[in-house]
J.: 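To start, I am sharing the structure in question, which I have written as structure tokens.
Given the structure is predicted, the values throughout are model-derived calculations rather than measurements. These values consider heavy atoms only, across backbone and side chains, with no hydrogens, waters or symmetry-generated copies.
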Amino acid sequence: MEAANITNQETMTVEEAVKLANEIERIEAAAKQMKADLRSYVEQNGPVETADTIWNVNEAVSYKFDAKQLKEVAQHIALGGDNPWDYLGITASNLKKLGWDEAFLAKLGKKTVTKRFASRKK
């Protein structure tokens, strides 16, 4: 597609940008379907090796702690000689649940803003 060949962002028109965005959406949708198809194959037949990559279903292990268990984790960290707060933090979603405003949070900690280029559904 011609939109994929645009290299000068300074002269790109709105129409060209929309074409480019549509092409990205099409490619990402196709890749998502291809990955689903490959995953099904790998689940049935085992890993697939390409020249540079091994495609396989890998496990990711995580742990969830309730409040009592989290307190125990913090105690074990402290007993080991470390500061539990170097390991434990509050997620952005949990901060939102607290309902504290930006001014109050700014008094308590340092605000970090990360810009991430991504699309989202309307």
J.: What closest approach, in Å, do Phe65 and Leu70 show between heavy atoms, and which atom pair accounts for it?
T.: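 The answer is CB-N, 3.9 Å.
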
J.: For atom CD of Glu43, is the number of surrounding heavy atoms from other residues, nucleotides or ligands below 6.0 Å larger than 12?
T.: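 Result for CD/Glu43: enclosed.
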
J.: Taking 4.0 angstrom as the limit, do Glu16 and Lys19 come out as a salt bridge?
T.: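 Looking at Lys19 together with Glu16, the answer is no, because their closest N to O distance does not fall below 4.0 Å.
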
J.: Quick one: NZ on Lys110 to CG on Leu105, what's the gap to the nearest 0.5 Å?
T.: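 The distance works out to 15.0 Å.
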
J.: Going only through I, L, V, M, F, W and Y residues with side-chain contacts under 4.5 Å, is there a path from Ile90 to Tyr87?
T.: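 In one cluster: no.
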
J.: Without hydrogens or angle criteria, can the side chains of Lys97 and Asn94 be said to hold a donor-acceptor pair below 3.5 Å?
T.: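 Short answer, yes.
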
J.: So, do Met12 and Leu20 sit near enough that their side-chain heavy atoms are less than 4.5 Å apart?
T.: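 Result yes, sub-4.5 Å side-chain heavy-atom pair found.
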
J.: So Thr53 and Glu49, side-chain contact (heavy atoms from CB on, under 4.5 Å) or not? Walk me through it.
T.: CA-CA 6 Å; Thr53 308; Glu49 289 189 42; over 6 Å; no

J.: With a 6.0 Å cut-off (strictly less than), is the heavy-atom count around CG of Leu88, excluding the residue itself, greater than 12?
T.: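 Buried by this count: over 12 neighbours within 6.0 Å.
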
J.: Within a strict 4.5 Å, meaning less than it, do heavy atoms of the Glu25 and Asn22 side chains meet?
T.: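 Glu25 reaches Asn22 side chain to side chain.
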
J.: My understanding is that only residues two or more places apart in sequence, or in another chain, count here; which of them pass salt bridge (charged side-chain N to carboxylate O under 4.0 Å, His left out) with Glu15?
T.: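 Applying salt bridge (charged side-chain N to carboxylate O under 4.0 Å, His left out) to Glu15 gives none.
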
J.: Is it the case that one hydrophobic cluster holds both Val57 and Tyr41, taking links as side-chain heavy atoms less than 4.5 Å apart, direct or via other members?
T.: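 Per the 4.5 Å side-chain linkage, Val57 and Tyr41 are co-clustered.
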
J.: With a 6.0 Å cut-off (strictly less than), is the heavy-atom count around CG of Leu108, excluding the residue itself, greater than 12?
T.: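 Result for CG/Leu108: enclosed.
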
J.: To the nearest 0.5 Å, what is the distance between CG (Leu38) and CD (Gln33)?
T.: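 Answer for the CG-CD pair, Leu38 versus Gln33, is 11.5 Å.
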
J.: Supply the atom-to-atom distance Leu95 CG to Trp100 CH2, rounded to the nearest 0.5 angstrom.
T.: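 If we round to the nearest 0.5 Å, Leu95:CG and Trp100:CH2 are 7.0 Å apart.
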
J.: Can you name the side-chain hydrogen bond (donor to acceptor under 3.5 Å, both in side chains) partners of Lys64, sequence neighbours left out?
T.: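 Checked Lys64 against side-chain hydrogen bond (donor to acceptor under 3.5 Å, both in side chains); zero matches.
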
J.: Working to the nearest 0.5 Å, report the span between CZ of Arg26 and CD of Glu23.
T.: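 It comes to 4.0 Å.
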
J.: Following the transitive rule for hydrophobic clusters with a side-chain heavy-atom cut-off under 4.5 Å over Ile, Leu, Val, Met, Phe, Trp and Tyr, establish whether Leu98 and Phe104 coincide in one cluster.
T.: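 Result: yes, single cluster for both.
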
J.: Please report the shortest heavy-atom distance between Ile77 and Pro84, naming the atom on each side.
T.: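 For Ile77 versus Pro84, the nearest heavy atoms are CG2-CA, 3.6 Å.
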
J.: For Asp66, does its backbone N or O pair with a side-chain atom of Gln69 as donor and acceptor, under 3.5 Å?
T.: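 Yes: the side chain of Gln69 pairs with the backbone of Asp66.
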
J.: Taking side-chain hydrogen bond (donor to acceptor under 3.5 Å, both in side chains) as the definition, give me every residue that meets it alongside Asp52, ordered by chain and number, with sequence neighbours left out.
T.: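 With sequence neighbours excluded, Asp52 shows a side-chain hydrogen bond (donor to acceptor under 3.5 Å, both in side chains) to no residue whatsoever.
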
J.: Taking atom CZ of Arg39 and atom CG of Asn56, what is their separation to the nearest 0.5 Å?
T.: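 It comes to 10.0 Å.
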
